[in-house]
Every structure is written in C-alpha cells, then in structure tokens.
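Numbering of residues begins at 1 and proceeds along the displayed sequence.
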Amino acid sequence: MRKVVLVTGASSGVGLALCKRLLEEDDELHLCLACRNVGKAEAVRGALLASHPAAEVSIVQVDVCSLQSVLQAAGELKQRFQRLDYVYLNAGIMPNPQLNIKALFSGLFSRKVIHIFSTAEGLLTQEDRVTADGLQEVFETNVFGHFILIRELEPLLCHSDHLSRLIWTSSRNARRSNFHLEDIQHRRGQEPYSSSKYAIDLLSVALNQNFNPRVRPGWGLYSSVVCPGTMVTNLTCGILPPFLWTLLLPIIWLIRFFANAFTLTPDNGTEALVWLFHQKPESLNPLTKYLSATTGFGSNYVTTQKMDLDEDTAEKFYQNLLELEKQVRVTIQKKQIIRADDGTP
C-alpha cells in the first residue's frame, strides 16, 4: 500500500524542493500537494509526474489563512483518503519584513555575530494585519490554520493500527522572549514570525503529550519540528532584494565555515525534513528540534537543538488553542446561518 504524504505550501520554496526529494527517496508515494494557488500546483504536479511516472500526485486547494478554506480542504481529504502517513506542515509567511539596520551593524562588531546571523535574532520586525476571520495573519497562517487542519484530520491521523507523522517547518528564529501565553497571536508585538515559530514548537510538544502512543496507548500520532536554515527564497527576498543577496553571498560563504545554518538553497534546507521521513518516530525526542545544516564546503547534514520550552507551557498553549477553536467555530456557524437566510451560496 502506498504511503500517503500531505505537504502544505508545496508549490514553491522548501515545500517544492521537499516534494522532489521525497519522490527521489520513494517514487511510489501518493503525494498530495496542499496549495493555495491551483495553477501553480498543477504545474508542479505535471513536472513531478514527468520525472517520477510511478508516483501518484494529487492536489487539494487550501489557504491556511482562511478557516473556511481549511475546513473545505479537510472535508475533501477525508473523502479521498482513509489515512495519512506523513503531514508536512510547511506553509508559512513573514509579511513585510523590516531589517533593523542599527541592530545589524551593532551585531557585526559584537561577539554574537555568528549567532545573530544564524538566527536573525533582533534583526527583523514585521507588520502584521487582521484576516477576514478576525485573527492575526501570521498566527493564522503559520499556526492556527494548520492546527484546525490537524483537528479536522484526526480520523486520518490517530489510528491504533498505523503510525502518522506530523513534521512542522519551524525556525532557529523561534524565541521564547517573543511569545506570551497572554497574547498568543502576538497582537501587541513586532516579531509575529518569531512568535509563531515558537508557538509551533509548543504545539508540537503538546500534540505529542496528547496523542503520542508512548503517552496515550491506542493512539498513533508523532510530531516533530524542523528548521530548514537560512535560504534565498521568496520569503527571504522580502527582507533584502535579490541583488543584495548576490552581493552578500561571498560573505555568507565565508561565515558558513563557522555557522552551519546557511543552507542557502531550498534543496539543502530539506535535509532534516527528508531525514525525518526515514526515522522511526519512537526513537525521536519530542523536545528536540531537527536542523538542516550545511558545511562551508557544501555538504549537508542534520544536527539537533533542545527546544527552549517546558511541557506545562505547551499544554497551556494547547488548551488556549482549543478555546480559540470553539470561539471561531461559533463565528463560522453564525456566518453560515446568515448566508443561508440571505440565500448566499
């Protein structure tokens, strides 16, 4: 029986590179591309099947920044599949990133220069906005949309007769100092991306606490988090234009002899994601983040980092998400009733 792998954000960047590499590892997968843009997804599907004709590749349209889209996509997936073996929760945004020039230059002449360039700590701020669902855009896209997707797909994930894997794209930029339980959407801060990635780390730990068979016999869900490293993608080109990245590349190549976080390409960035594909989930530490790394000579490998969090905070965050889910479902139901009364489809 073919393994079924769902990848969100599969039409570009790390998601696209991951799909290519997974089929190189096993061309008999059923790969489901979960994408917002169906046109781009169709083009990716055609290219993947051209190079791997033995594979099965399907598409589901989903915008994780729209709860209505998430619910519709989940419904389609439950009609198509009886189980999901792997779910790569990769889609994400960093809107309108602003580089703190003062912090950049002060960091260049500090002892923490390698750390700062590896994690972007203190270098980036973003302008967030509120979505049609009344949620902060970064939080909904990077965290809550995926959370609702998982909640809807529980019948395909939590089987006693087979294991399912959740693999999240997190970041080295996930900082405890940027996340607060009293403000999980980061409405009052300027670093929603870092906050959302820390929230992903917490959620992964909480999911293991609630659905991992080592904790709850009879369930079969394992969750892990990954950082793909620093790459030149559409997301990072929002921080600096491509020509500046080109000018900086010689410096980055030099720094890479001292810091392994500069994977530079999406293909390199998938190293930890593909490595996890082959691991026995029961051998993995739920409190560990798996990092894609590249040497100064361009060799890829996987390293690890203990996450800076505690299980109690993870469980409190999970309960906050469940409470928020109740609220948004009530709102969605009210909107559906109003549309039905108005005759709106």
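Note that OG of S196 and CD of E140 are 12.5 Å apart. Values are rounded to the nearest 0.5 Å. In this structure, the separation between CD on Q82 and CG on L156 is 9.0 Å, given to the nearest 0.5 Å. To the nearest 0.5 angstrom, R36 atom CZ is 9.0 Å from S12 atom OG. Separation of atoms CG (L89) and OG1 (T8) is listed at 5.5 Å; rounding is to 0.5 Å. Taken to the nearest 0.5 Å, the OG1 atom of T270 stands 9.0 Å off from the OH atom of Y88. Atom CG of residue L33 and atom OG of residue S11 lie 8.5 Å apart, to the nearest 0.5 angstrom.
Annotation for R187 and G134: closest pair NH2-O, 3.4 Å, computed over non-hydrogen atoms. Here the closest non-hydrogen pair linking Y318 and L203 is CD1-CD1, 3.9 Å. Between E137 and C65, the shortest heavy-atom contact is CG-SG, 3.8 Å. Closest heavy-atom contact between A91 and H146: O-CE1, 3.1 Å. Shortest non-hydrogen contact noted between L202 and D310 is CD2-O, 4.5 Å. When all heavy atoms are compared, the tightest approach of V302 to A272 is CG2-CA, 3.7 Å.
Looking at D63 and Q68, their side chains never bring a donor and an acceptor atom within 3.5 Å of each other. Side chains of S223 and W168: a donor-acceptor N/O pair is present below 3.5 angstrom, by distance only. Between the side chains of T169 and N90, at least one donor N or O sits under 3.5 Å from an acceptor N or O. Between the side chains of Q136 and H186, no donor N or O sits under 3.5 Å from an acceptor N or O. Between the side chains of N260 and Y301, at least one donor N or O lies within less than 3.5 Å of an accepting N or O.
The shortest distance between side-chain heavy atoms of L135 and V130 does not fall below 4.5 Å. Residues L163 and L221 form no side-chain contact, since every pair of their non-hydrogen atoms from C-beta on lies 4.5 Å or further apart. L284 places none of its side-chain heavy atoms less than 4.5 Å from the side chain of Y222. N142 has its side chain within reach of Y193: a pair of non-hydrogen atoms, C-beta onward, lies under 4.5 Å apart. Using a 4.5 Å heavy-atom cutoff, the side chains of F262 and N268 are not in contact. Between P286 and N212 there is no side-chain heavy-atom pair separated by less than 4.5 Å. Contact check for L273 versus I167: side-chain heavy atoms found under the 4.5 Å cut-off. Two residues are said to be in side-chain contact when any heavy atoms from C-beta on lie closer than 4.5 Å; E311 and Q209 meet this criterion.
Every side-chain contact (heavy atoms from CB on, under 4.5 Å) that S170 has, sequence neighbours left out, goes to A174, K197, I200, D201, V225, K289. Applying the salt bridge (Lys or Arg N to Asp or Glu O under 4.0 Å) rule to D308 yields the partners R176; only residues at least two apart in sequence or on another chain are considered. In this structure, the side-chain hydrogen bond (donor to acceptor under 3.5 Å, both in side chains) partners of N178, at least two apart in sequence or on a different chain, are E191, S194. Partners of H52 according to the ring pair (Phe, Tyr, Trp, His ring centres under 6.0 Å) rule, which considers only residues two or more places apart in sequence or in another chain, do not exist here.
Remark: side-chain polar atoms of T141 are not paired, donor with acceptor, to backbone N or O of V138 under 3.5 angstrom. Side chain of D27 to backbone of A55: no donor-acceptor contact under 3.5 angstrom is found. Side-chain atoms of T263 come within 3.5 Å of backbone N or O of P228 as a donor-acceptor pair. The backbone N or O of V57 sits less than 3.5 Å from a side-chain atom of R45, completing a donor-acceptor pair. A donor-acceptor contact shorter than 3.5 Å links the side chain of N208 to the backbone of S204. For S164 (side chain) and L84 (main-chain N/O), a donor-acceptor pair under 3.5 Å exists by modelled atom type. Judged by distance alone, with hydrogens and angles left aside, the side-chain atoms of T331 form a donor-acceptor pair with the main-chain N or O of Q327 at under 3.5 Å.
Listed by first and then second residue, the salt bridge (Lys or Arg N to Asp or Glu O under 4.0 Å) pairs involving residues 321-331 are R151-E325, E152-R329, E325-R329 (not counting sequence neighbours). Evaluation of the salt bridge (Lys or Arg N to Asp or Glu O under 4.0 Å) test over residues 1-23, restricted to residues two or more places apart or in two chains, returns R2-E56, R21-E271.
When the shell of 6.0 Å around CD of E76 is examined, it contains more than 12 heavy atoms from other residues, nucleotides or ligands. Residue K316 places its NZ atom among 12 or fewer non-hydrogen atoms of other residues, nucleotides or ligands, all under 6.0 Å distant.
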With side-chain hydrogen bond (donor to acceptor under 3.5 Å, both in side chains) as the test, would you mind laying out the steps for E315 and N210 before giving the verdict? CA-CA 9 Å; E315 182 60 28; N210 285 274; 3.0 Å; yes
Does V60 form a side-chain contact (heavy atoms from CB on, under 4.5 Å) with L6? I'd like the steps, not just the answer. CA-CA 9 Å; V60 63; L6 177 71; 4.2 Å; yes
side-chain contact (heavy atoms from CB on, under 4.5 Å) between L153 and L77, intermediate numbers included: CA-CA 8 Å; L153 296 178; L77 290 168; 4.0 Å; yes
Please step through side-chain contact (heavy atoms from CB on, under 4.5 Å) for the pair V328 and L67, ending with a clear verdict. CA-CA 9 Å; V328 299; L67 297 181; 3.9 Å; yes
Can I150 and V87 be said to form a side-chain contact (heavy atoms from CB on, under 4.5 Å), step by step? CA-CA 9 Å; I150 293 166; V87 180; 5.7 Å; no
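Ring pair Y290/W275 is tilted by interplanar angle, where 30° to 60° counts as tilted.
Aromatic ring centres of F179 and F317: separated by under 6.0 Å.
In the hydrophobic clustering of this structure, F144 groups with L181; members are Ile, Leu, Val, Met, Phe, Trp, Tyr whose side-chain heavy atoms approach within less than 4.5 Å, directly or through other members. Cluster annotation: L291 is not connected to M307 through the hydrophobic network of ILVMFWY side chains, with a link wherever side-chain heavy atoms come within less than 4.5 Å. Hydrophobic clustering (ILVMFWY, side-chain heavy atoms < 4.5 Å, transitive): V38 and L71 are in distinct clusters.
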